[in-house]
Amino acid sequence: MYQITCTLMIHIVSSCNMNIHQYINQYPRAERKAVRERIAAACGLASESAVKHWANGTRGVPAKHFKAIVAVSGGMVCINDLLEEMDAT
């Protein structure tokens with residue numbers, strides 16, 4: 001069991017290096033709006049418009065949405081990645 005847990009943790013840590021733009025753009029163009037809508041819903045937003053701005057870098061991601069983004073991305077976007085984006089804006 002320990003080996004399985006360690007392997008899972010290594011996978012999670014190694015896959016945790018995407019910003020929100022990279023996460024959305026890994027999907028085919030036709031699916032990206034639906035991905036933004038899932039992120040918006042997880043953040044309690046009415047539309048995907050704000051998520052589009054976050055992904056394009058025109059607006060920063062509010063810290064109150066970090067946990068929801070990490071959860072909806074399955075850990076592919078990490079809080080550290082979101083903080084780096086916040087520092088860059």
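Any value given below was found using the heavy atoms of this structure, including those in side chains, with hydrogens, waters and symmetry copies removed. These numbers were taken from a predicted model, which means no experiment stands behind them.
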### Summary
With sequence neighbours left out, the residues meeting side-chain contact (heavy atoms from CB on, under 4.5 Å) with Asn25 are His21, Arg32

### Heavy-atom pair of closest approach, residues Gln22 and Asn17
OE1-O, 3.9 Å

### Any pair counted as salt bridge (charged side-chain N to carboxylate O under 4.0 Å, His left out), so long as it reaches residues 22-31, sequence neighbours left out
none

### Task
Go through the structure and list residues passing side-chain contact (heavy atoms from CB on, under 4.5 Å) with Val72, not counting sequence neighbours.
Arg38, Ile39, Ala42

#### Entry: Interatomic distance, Gln26 atom CD to Ser73 atom OG [nearest 0.5 angstrom]
9.0 Å

## Note on the structure
Value for CD1 (Ile69) from CD1 (Ile79), rounded to nearest 0.5 Å, stands at 9.5 Å

### Task
Please collect all side-chain hydrogen bond (donor to acceptor under 3.5 Å, both in side chains) contacts where either partner lies in residues 42-51, sequence neighbours excluded, each pair once.
Arg36-Glu48

### Query
Taking all atoms of both residues into account, what is the closest heavy-atom pair of Tyr23 and Val77, and its distance?
CB-CG2, 3.5 Å

### Query
Between Ala55 and Ile24, what is the shortest heavy-atom contact and its length?
CB-CD1, 3.8 Å

### Query
Roughly how far, to the nearest 0.5 Å, is CZ of Phe66 from CG of Leu83?
4.5 Å

### Message
side-chain contact (heavy atoms from CB on, under 4.5 Å) for His65 and Leu45? Distances and angles first, verdict last.
### Response
CA-CA 10 Å; His65 298 307; Leu45 303 173; 4.2 Å; yes

